Amino acid sequence: MEPTSIRHFPAAHPLPDWRNLGVLLRTLLGINAAALLLALAQVASGIAPAGASWPGAWGMRYLELAVGVEPHLFVLGLFLALARDGLWRLPLRLAQGLVTLLAGGLAAALSALGAMLGIGSGALVPLALLAMAAWALLLGYFDLRAGAHSPTLAEARLAALNARIRPHFLFNSLNAVLSLIRARPQQAESALESLADLFRAALRDPGELVALGDEIELGRQYLELEKLRLGERLTVDWQIGNISPATPIPPLMLQPLLENAVYHGIEPSPSGGCICVAIDGDGRELRLSIGNPLPPVAGGRATHAAGNRIALDNIRERLRLYYDLEAGLSIASRPDHYQVNIVLPCPPPPR
């Protein structure tokens with residue numbers, strides 16, 4: 001069963017998850033940065049290609065080192081990705097020691113192979129020691145990073161982010177309910193129940209994932225409340241693809257974006273407009289898209305308060321806490337249309 005809480009995310013483990021894009025990128029950058037520094041040290045000490053200027057010699061020396069570094073990263077990264085679960089079951093220091101020894105052994109093996117093919121110096125022991133030192137520093141960095149991004153701290157950060165989501169819908173919905181109490185008391189009662197569901201969702205544990213179907217239903221309830229206020233000016237086009245409603249996603253992904261679409265797209269336009277919500281997936285990733293029309297610009301200025309940044313920055317930060325670099329948020333904006341696109345990794349639904 002896949003994790004449904006940030007407490008169990010692979011990113012929280014002190015030993016890195018080499019199946020994670022963010023970990024792979026940081027490993028690649030870290031080891032190549034070490035190779036750049038080594039090339040600089042060698043050029044400074046006189047180990048440099050003859051007849052080259054200082055910057056050129058540094059670049060040429062780095063390229064020579066990269067011939068060995070990149071295959072080393074590829075082979076070791078592939079093995080660590082395949083052996084992740086087994087390494088996680090070991091005591092942390094033992095697993096880190098095994099990774100360091102494996103890095104040194106692989107560097108020595110590749111150096112020996114290069115010597116046989118006439119590539120490189122064949123200095124097995126120095127290269128093995130350098131590789132072990134580089135990977136030991138890298139593992140130390142990931143260990144410190146895991147402590148800085150521990151589940152407790154991540155949950156506290158998520159709680160703070162959830163608390164900052166704008167409560168525009170609260171005031172607007174309460175006003176809409178008040179206008180219904182005398183004329184349509186049954187509809188007012190239903191609206192209050194929907195409002196209670198929205199608050200229940202806002203108070204949910206921010207570290208827990210929710211089912212996609214629940215998040216969609218919450219978005220529908222929110223839009224129904226706004227429809228009490230905006231009437232026929234607000235229409236919604238739901239385009240739900242062939243995706244399991246049990247797919248786990250972070251809470252309050254849709255509602256803040258729907259709120260932005262209403263507040264910045266529909267409310268300031270006298271004729272209103274249509275909000276398009278498209279949700280689809282292919283088994284590997286889940287794609288969410290929320291688009292809304294933009295009001296006309298009068299005299300060079302928008303006719304309504306501008307700015308979607310609070311909700312967008314909030315969601316972007318929460319995606320980083322949940323998924324690191326595995327998720328993405330992008331914006332497609334035209335003078336008359338605004339669209340937010342979110343891509344999430346799509347694990348199997350919980351059984």
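What you see is a predicted model; the values in this text were computed from it and never measured.
Judged by distance alone, the side chain of Arg233 and the main-chain N or O of Ile266 form a donor-acceptor pair under 3.5 Å. Not a single donor-acceptor pair under 3.5 Å links the side chain of Arg318 to the backbone N or O of Pro250. Judged by distance alone, with hydrogens and angles left aside, the side-chain atoms of Thr235 form a donor-acceptor pair with the main-chain N or O of Gly273 at under 3.5 Å. Here the side chain of Thr247 pairs a donor or acceptor atom with the backbone of Ser244 at under 3.5 angstrom. Checked by atom type and distance alone, the side chain of Asp214 never pairs as donor or acceptor with a backbone atom of Val210 at under 3.5 Å. A donor-acceptor contact shorter than 3.5 Å links the side chain of Glu215 to the backbone of Met253.
The shortest heavy-atom contact between Ala107 and Ala131 is CB-CB, 3.6 Å. Residues Ile290 and Ala261 share a closest heavy-atom pair of CG2-CB, 4.3 Å. Minimum interatomic distance between Thr27 and Trp135 (heavy atoms only, all atoms of both residues): CG2-CH2, 3.8 Å. Nearest approach of Ala211 to Pro245, heavy atoms of both residues: CB-O, 3.5 Å. Residue Tyr323 comes nearest to Pro345 through the heavy atom pair CD2-CG, 3.4 Å, listed as atom of the first residue, atom of the second, then distance. Nearest heavy-atom pair, Asn292 versus Gly265, reported as atom, atom and distance to 0.1 Å: ND2-CA, 3.5 Å.
Heavy atoms from other residues, nucleotides or ligands lying under 6.0 Å from CG of Asp237 number more than 12. Heavy atoms from other residues, nucleotides or ligands lying under 6.0 Å from CD of Glu232 number 12 at most.
Applying the side-chain contact (heavy atoms from CB on, under 4.5 Å) rule to Phe79 yields the partners Ala83, Leu102; only residues at least two apart in sequence or on another chain are considered. Partners of Leu25 according to the side-chain contact (heavy atoms from CB on, under 4.5 Å) rule, which considers only residues two or more places apart in sequence or in another chain, are Leu29, Leu325.
For the residue pair Ser289/Gln339, the side-chain donor-acceptor check at 3.5 Å is satisfied. Checking Gln221 against Glu217 by side-chain atom types alone, no donor-acceptor pair falls below 3.5 Å.
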Determine, step by step, whether Tyr338 and His264 satisfy the side-chain contact (heavy atoms from CB on, under 4.5 Å) criterion, reporting the C-alpha distance in whole Å, the side-chain angles of both residues, the deciding distance to 0.1 Å, and the verdict.
CA-CA 9 Å; Tyr338 190 90; His264 297 284; over 6 Å; no
Go through Tyr222 and Leu254 one step at a time and tell me if the side-chain contact (heavy atoms from CB on, under 4.5 Å) criterion holds.
CA-CA 10 Å; Tyr222 166 72; Leu254 285 178; over 6 Å; no
Could you please spell out the steps behind the side-chain contact (heavy atoms from CB on, under 4.5 Å) verdict for Leu319 and Leu344?
CA-CA 8 Å; Leu319 288 176; Leu344 307 175; 3.3 Å; yes
Apply side-chain contact (heavy atoms from CB on, under 4.5 Å) to residues Ile31 and His72 and explain how you reach the verdict.
CA-CA 10 Å; Ile31 297 298; His72 176 272; 5.5 Å; no
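Phe142 and Leu90 fall within the same hydrophobic cluster, defined by Ile, Leu, Val, Met, Phe, Trp and Tyr side-chain heavy atoms under 4.5 Å apart, directly or through other members. Tyr141 and Leu24 fall within a single hydrophobic cluster, where Ile, Leu, Val, Met, Phe, Trp and Tyr side chains are chained together by heavy-atom contacts under 4.5 Å. Hydrophobic clustering keeps Leu101 apart from Leu94 (ILVMFWY residues linked when any side-chain heavy atoms are closer than 4.5 Å, directly or through intermediates). Hydrophobic clustering (ILVMFWY, side-chain heavy atoms < 4.5 Å, transitive): Leu28 and Leu139 are in one cluster. At a threshold of 4.5 Å between side-chain heavy atoms, the hydrophobic network of Ile, Leu, Val, Met, Phe, Trp and Tyr places Leu37 and Leu130 in two separate groups.
Under the 4.0 Å criterion applied to side-chain N and carboxylate O atoms, Arg320 and Glu317 are assigned as salt-bridge partners.
Between Ile275 and Leu258 there is a side-chain heavy-atom pair separated by less than 4.5 Å. Counting heavy atoms from C-beta on, the side chains of Val277 and Leu257 never come closer than 4.5 Å.
For the atom pair CZ (Arg334) and CG (Leu294), the distance works out to 9.0 Å, reported to the nearest 0.5 Å. For the atom pair Leu212 CG and Ile249 CD1, the distance stands at 5.0 Å (nearest 0.5 Å). Separation of atoms NZ (Lys227) and CG (Leu234) is listed at 5.0 Å; rounding is to 0.5 Å. The structure places CG of Leu288 at 6.0 Å from CD1 of Ile342, a figure rounded to the nearest 0.5 Å. Once rounded to the nearest 0.5 Å, the distance linking CG of Asp17 with CD of Glu326 reads 8.0 Å. Once rounded to the nearest 0.5 Å, the distance linking CZ of Arg93 with OG1 of Thr100 reads 10.5 Å.
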